[in-house]
Amino acid sequence: MASKSLSALLLTSLAAVASARNCKNLTVPLFLSAQNSDFDFKVPSSDIEVTNYVLNFGRTGVSFADEILSENKYRNVTGNYSIAATYCEPDSGPGRALQILIRKYLTYPLSFSQQQLPNGAAFDRNYWHFPAHSYNYSYADAALARNYSVFFYDRPGIGQSSRGDPVNEIQSRLEVAALRELTLRLRRGSLPGLPARRHPKIVHVGHSYGSAQTYALTAAHPSLPSHAAGGSSEDRISDAIALTGFSMGLGTFVNNFLFGGNFVLAKDTDGDKDRESYGPGYIASGDVSAVQSNFFAPDNFDPAILREAYERGAPVAVGELLTIADLTAVNNSYAGPVFVITGENDIAFCGGNCYATNPSIPAQVASFFPNNTLVESYVVAGSGHGLNLEYTAPDTYARILDFFDKSV
Ligand SMILES: *[C@@H]1O[C@H](CO)[C@@H](O)[C@H](O)[C@H]1NC(C)=O
Ligand SMILES: *[C@@H]1O[C@H](CO)[C@@H](O)[C@H](O)[C@H]1NC(C)=O
Ligand SMILES: *[C@@H]1O[C@H](CO)[C@@H](O)[C@H](O)[C@H]1NC(C)=O
Ligand SMILES: *[C@@H]1O[C@H](CO)[C@@H](O)[C@H](O)[C@H]1NC(C)=O
Ligand SMILES: *[C@@H]1O[C@H](CO)[C@@H](O)[C@H](O)[C@H]1NC(C)=O
Ligand SMILES: *[C@@H]1O[C@H](CO)[C@@H](O)[C@H](O)[C@H]1NC(C)=O
Ligand SMILES: *[C@@H]1O[C@H](CO)[C@@H](O)[C@H](O)[C@H]1NC(C)=O
């Protein structure tokens with residue numbers, strides 16, 4: 001009895017915390033245009049073909065993406081996409097800045113209500129607001145509690161957003177075009193479903209692939225176009241960025257991730273029912289241990305959270321993985337505050353030891369942002385790549401939010 005009333009009490013207090021925000025689900029129509037890579041590559045349509053793709057991709061000394069590039073090399077992709085998104089602000093109204101959270105490589109279903117999600121719906125976004133354990137692992141909640149508004153979304157191709165050709169359409173450049181368009185609309189206050197209110201301060205928080213997209217966005221548009229939002233030419237595309245689960249070392253260590261991931265067709269995994277709706281070319285980790293290897297550091301996580309991460313992780317399109325490296329191939333002249341935060345044992349970006357990379361993370365960051373004196377980096381001791389879902393998550397959230405508090 002005592003324990004029952006204790007858990008009732010806990011639930012009540014969690015509900016109180018959870019209600020201290022206003023959230024809205026949105027469906028945003030976007031017209032997007034991007035110059036993608038044009039590959040001569042047959043969409044992997046069996047697990048054997050997925051493994052062939054991984055083995056071809058992971059060969060030392062070879063750029064598989066270059067090998068399969070067509071004679072044209074590029075293809076312009078334009079189209080109308082529907083983007084599923086969530087916007088939340090504190091109960092007291094819009095926060096001191098809006099944080100755009102860009103999803104990591106695997107994300108999780110969205111359920112602010114903690115109700116059972118409907119079958120057949122596609123899920124995503126929820127790396128930032130993880131539904132297990134009464135939302136105990138929610139960066140979004142931590143940001144709202146510090147008086148920030150948050151916006152997060154399913155990228156094109158995945159979750160509840162429009163699907164597309166997983167080889168030549170759903171690629172990094174198209175994802176960055178979506179991020180740019182969403183950012184501009186939020187600045188201008190012209191996002192359908194939200195009040196026509198300008199967001200004068202916007203920061204971006206990426207994780208992993210989302211960090212690479214943030215990097216590319218700021219590198220391509222260190223400033224906003226002057227016509228945007230009646231804004232002045234000094235307006236930045238972003239007022240500050242946090243690159244989480246990230247370093248410049250992806251090219252060196254990505255094979256750990258490829259081989260550790262035990263990738264199979266998403267529809268062949270026994271995660272959410274939603275997985276069945278993904279066709280050829282959408283891949284996901286085939287078992288729980290693969291998710292553990294790539295995302296969780298030893299002794300730093302709750303096994304129930306690992307299980308949830310496996311079951312609810314969203315797939316990735318083969319075209320996305322083939323084009324991730326393009327996003328960080330240039331130096332960045334973005335001049336706003338930059339925070340890089342990585343787990344000590346990150347497999348994909350540091351080969352399992354972020355203290356031992358050569359160059360070190362601070363040296364990498366200094367060379368990629370050569371003219372920016374507002375760059376800081378931090379390594380979370382004992383954490384892996386899935387920073388938001390490990391026991392060290394509260395420290396991770398606090399570091400990111402402290403950085404924004406002081407710099408925005
Ligand atoms: C893609 O669009 C760009 C800019 O509009 C143009 O210069 C280029 O020729 C186009 N490429 C193709 C393959 O159509
Ligand atoms: C996108 O939608 C707009 C408005 O509905 C339409 O005019 C346009 O033709 C569409 N473009 C494409 C490429 O489908
Ligand atoms: C949150 O930020 C807004 C905008 O800066 C401000 O008006 C409001 O007073 C802040 N709320 C709290 C509770 O600090
Ligand atoms: C947003 O969508 C999710 C999943 O469909 C649903 O569980 C949740 O209740 C919705 N939230 C709001 C605020 O409507
Ligand atoms: C850094 O500044 C130098 C000197 O002004 C300039 O030549 C270079 O292009 C800048 N690099 C970046 C990435 O902004
Ligand atoms: C980036 O800048 C560094 C200097 O900080 C320079 O050594 C390097 O060649 C530049 N890389 C590119 C791709 O321009
Ligand atoms: C929430 O997480 C913290 C640290 O990760 C842990 O100490 C606490 O027991 C968790 N609470 C719940 C309700 O799961």
Side-chain angles (χ1 to χ4, degrees), residues 26-38 63 65-66 73-85 153 155-157 160-166 168-182 184-185 188 190-193 204 206 211-225 233-241 243 246-254 319 323-340 349 357-377 407:
L26 306 161
T27 304
V28 184
L30 289 185
F31 177 74
L32 299 177
S33 167
Q35 192 178 56
N36 276 5
S37 295
D38 189 48
S63 167
D66 285 348
K73 290 196 165 67
Y74 301 108
R75 131 178 349 213
N76 290 338
V77 171
T78 56
N80 289 309
Y81 294 83
S82 161
I83 302 294
Y153 64 101
R155 69 192 193 275
Q160 292 169 310
S161 294
S162 318
R163 298 287 161 77
D165 167 1
N168 280 324
E169 181 181 4
I170 305 304
Q171 292 185 2
S172 295
R173 295 289 172 200
L174 185 73
E175 310 292 359
V176 174
L179 174 58
R180 174 178 186 272
E181 196 59 30
L182 290 167
L184 293 178
R185 293 216 190 178
R188 293 170 194 159
S190 65
L191 203 78
H204 292 84
S211 295
Q213 290 179 35
T214 301
Y215 183 93
L217 175 79
T218 50
H221 310 285
S223 309
L224 276 177
S233 54
E234 301 92 65
D235 273 359
R236 294 194 184 103
I237 192 97
S238 187
D239 291 278
I241 60 176
L243 308 175
F246 185 74
S247 79
M248 304 302 171
L250 182 65
T252 312
F253 299 110
V254 70
T323 53
I324 286 181
D326 299 350
L327 296 179
T328 52
V330 292
N331 282 342
N332 196 325
S333 48
Y334 174 67
V338 177
F339 186 50
V340 175
F349 287 85
T357 61
N358 183 18
S360 68
I361 290 181
Q364 290 173 21
V365 173
S367 100
F368 278 80
F369 292 93
N371 302 328
N372 189 331
T373 53
L374 304 173
V375 181
E376 289 180 24
S377 57
S407 58

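Keep in mind that the numbers below use all heavy atoms, side chains included, and drop hydrogens, waters and symmetry copies. Order of appearance sets the numbers: ligands from 1, and atoms from 1 within every ligand. Keep in mind that what you see is a predicted model, and the values were worked out from it rather than measured.
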Quiz item: When only distance counts, is Asn80 in polar contact with ligand 2, meaning an N/O pair under 3.5 Å?
Solution: yes
Practice problem: Could you list which atoms of ligand 6 come closer than 4.0 Å to a heavy atom of Pro370? | Solution: 5 (O)
Quiz item: What atoms of ligand 5 come within less than 4.0 Å of a heavy atom belonging to Asn371?
Solution: 1 (C), 2 (O), 3 (C), 8 (C), 10 (C), 11 (N), 12 (C), 14 (O)
Exercise. Considering non-hydrogen atoms only, spot the tightest contact between Thr218 and Tyr215 and give its length.
Key: OG1-O, 3.0 Å
Quiz item: Nearest protein heavy atom to atom 11 (N) of ligand 5: under 4.0 Å?
Solution: yes
Practice problem: Determine the minimum heavy-atom distance between Ser33 and Ala177, stating which atoms define it. | Solution: O-CB, 3.7 Å
Quiz item: Could any protein non-hydrogen atom be found less than 4.0 Å from atom 7 (O) of ligand 6?
Solution: no
Practice problem: Write out the residue and atom name of the closest protein heavy atom to atom 4 (C) of ligand 6, then the distance separating them to 0.1 Å. | Solution: Ser367 O, 4.1 Å
Quiz item: Going through the checks in order, is the side-chain contact (heavy atoms from CB on, under 4.5 Å) test met by Val28 and Glu181?
Solution: CA-CA 11 Å; Val28 184; Glu181 196 59 30; over 6 Å; no
Practice problem: Nearest heavy atom to atom 2 (O) of ligand 6 wins, so pick from Asn331, Asn332, Thr328, Val330. | Solution: Asn331
Self-check item: Non-hydrogen protein atom less than 4.0 angstrom from atom 14 (O) of ligand 6
Solution: yes
Practice problem: Establish, yes or no, whether a centroid distance under 6.0 Å links the rings of Tyr334 and Phe369. | Solution: no
Quiz prompt | Side-chain (Gln364) to main-chain (Met248) donor-acceptor, under 3.5 angstrom | solution = yes
Quiz prompt | N/O donor-acceptor pair under 3.5 Å between Ser377 side chain and Ile361 backbone | solution = no
